[in-house]
Amino acid sequence: MPPRTTLADLVELATPASRIVVMTGAGISTESGIPDYRGPNGLWATQKPPTIGDYATNADTRRSYWARRRETYPEMVAREPNRGHAAIANLDRAGRLLAVVTQNIDGLHQRAGVDPDRVLELHGTTHVVRCMACEQRYDALEVQAKLEAGEEDPRCEACEGPLRSGTVLFGESLPRAALDAAVAACRACDLMLVVGTSLVVNPAARLPLLAQDNGARLAIVNREPTKLDARADVHILGEAGPTLAELVSAIPLDGAR
Ligand code: NAD
């Protein structure tokens, strides 16, 4: 049967679901003013992150990374969760959410109120900085203050090692614990709701099929087609925020705000 494509179809699919995994990409956060990766103004074109090898060995690469971050991190901190993030937080309050598996690094699911233990960040987080030598972790705002005070290649206070963002760099594997937890959640869910991701980056792009192979229904909401649309029970070509807000207001939820 071809996938169904209306909001009513999505409501029908989601109403009985009690163990939902929502998988999100950059598209859930564009309404908050954070550009996606591969769109025309995407970060892919303007702010491609360095490779781990270059970053680890080249102080110039680190200096230019931190110089750019000194300018852009305050903008990231100022971004607010949107109605899409709020809708997902409502699923959590209602006890229907098993996990949010996200490729985003912006922390907006937690800020919207999703239990942080349920947010699995496959590409890490920009709000933590850590030492490349001893793994000491720092709040990114603490490091931002050092950058603004003029440090160009900030160092670990414990061991003087070079610091790095908590996000995954090119050439680096995904954080094992988050990936393992995401695989377990995909095996256990009864609905996989994919929102705002182009589904071109593996292994994240394979997770919806893993969920489906383990008996979950699959729904996709994205403003442009994805390669898994034909496999979905429901796929909606549309905007993440309004679609999720309408979905969550149409299904009976205890504890929703
Ligand atoms: P992507 O840019 O490849 O795809 C985003 C998809 O969302 C696109 O298909 C686009 O058409 C769609 N989209 C954009 N706005 C939408 C909206 N309002 N409603 C519905 N669909 C919308 O993003 P991705 O698949 O998440 O790429 C993965 C990489 O991007 C990851 O490495 C992630 O770390 C990084 N990234 C993260 C952020 C963030 O944290 N907010 C921002 C940019 C990039």
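First listed ligand is number 1; within each ligand, the first listed atom is number 1. Position 1 is the first residue of the sequence; numbering continues from there.
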Ligand 1 versus [X]: contacting region, heavy-atom distance under 4.0 Å:
X	value
I105	both
S29	side chain
P35	backbone
R223	both

What closest approach, in Å, do V221 and E239 show between heavy atoms, and which atom pair accounts for it?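 So the minimum-distance heavy-atom pair works out to CG1-O, 4.3 Å.
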
Could you go step by step and tell me if R79 and D106 meet the salt bridge (charged side-chain N to carboxylate O under 4.0 Å, His left out) rule? CA-CA 9 Å; R79 300 301 177 196; D106 56 32; over 6 Å; no

Set of residues satisfying side chain to side chain donor-acceptor pair (under 3.5 Å) with respect to R63, sequence neighbours excluded: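 Listed in chain order: D60.
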
Sole residue of I34, T126, L122 in side chain to side chain contact (heavy atoms under 4.5 Å, CB included) with I105: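 When I34, T126, L122 are each tested with I105, the side chain to side chain contact (heavy atoms under 4.5 Å, CB included) holds only for T126.
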
Considering only heavy atoms of D106, which atoms of ligand 1 have at least one such atom less than 4.0 Å away?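 The list of qualifying atoms is 39 (C), 40 (O), 41 (N).
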
Which pairs, with at least one residue in residues 154-169 and sequence neighbours excluded, count as a salt bridge (charged side-chain N to carboxylate O under 4.0 Å, His left out)?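 Passing the test, one end in residues 154-169: K146-E157, D153-R155, R164-E172.
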
R118 atom CZ, over 12 foreign heavy atoms within 6.0 Å: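 More than 12 within 6.0 Å, yes.
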
With only distance considered, is [X] within less than 3.5 Å of ligand 1 through an N or O on each side?
X	value
A240	yes
L199	no
I34	no
E31	no

Hey, does the side chain of D229 reach the backbone of T226 with a donor-acceptor pair shorter than 3.5 angstrom?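 Yes, D229 side chain to T226 backbone: donor-acceptor pair under 3.5 Å.
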
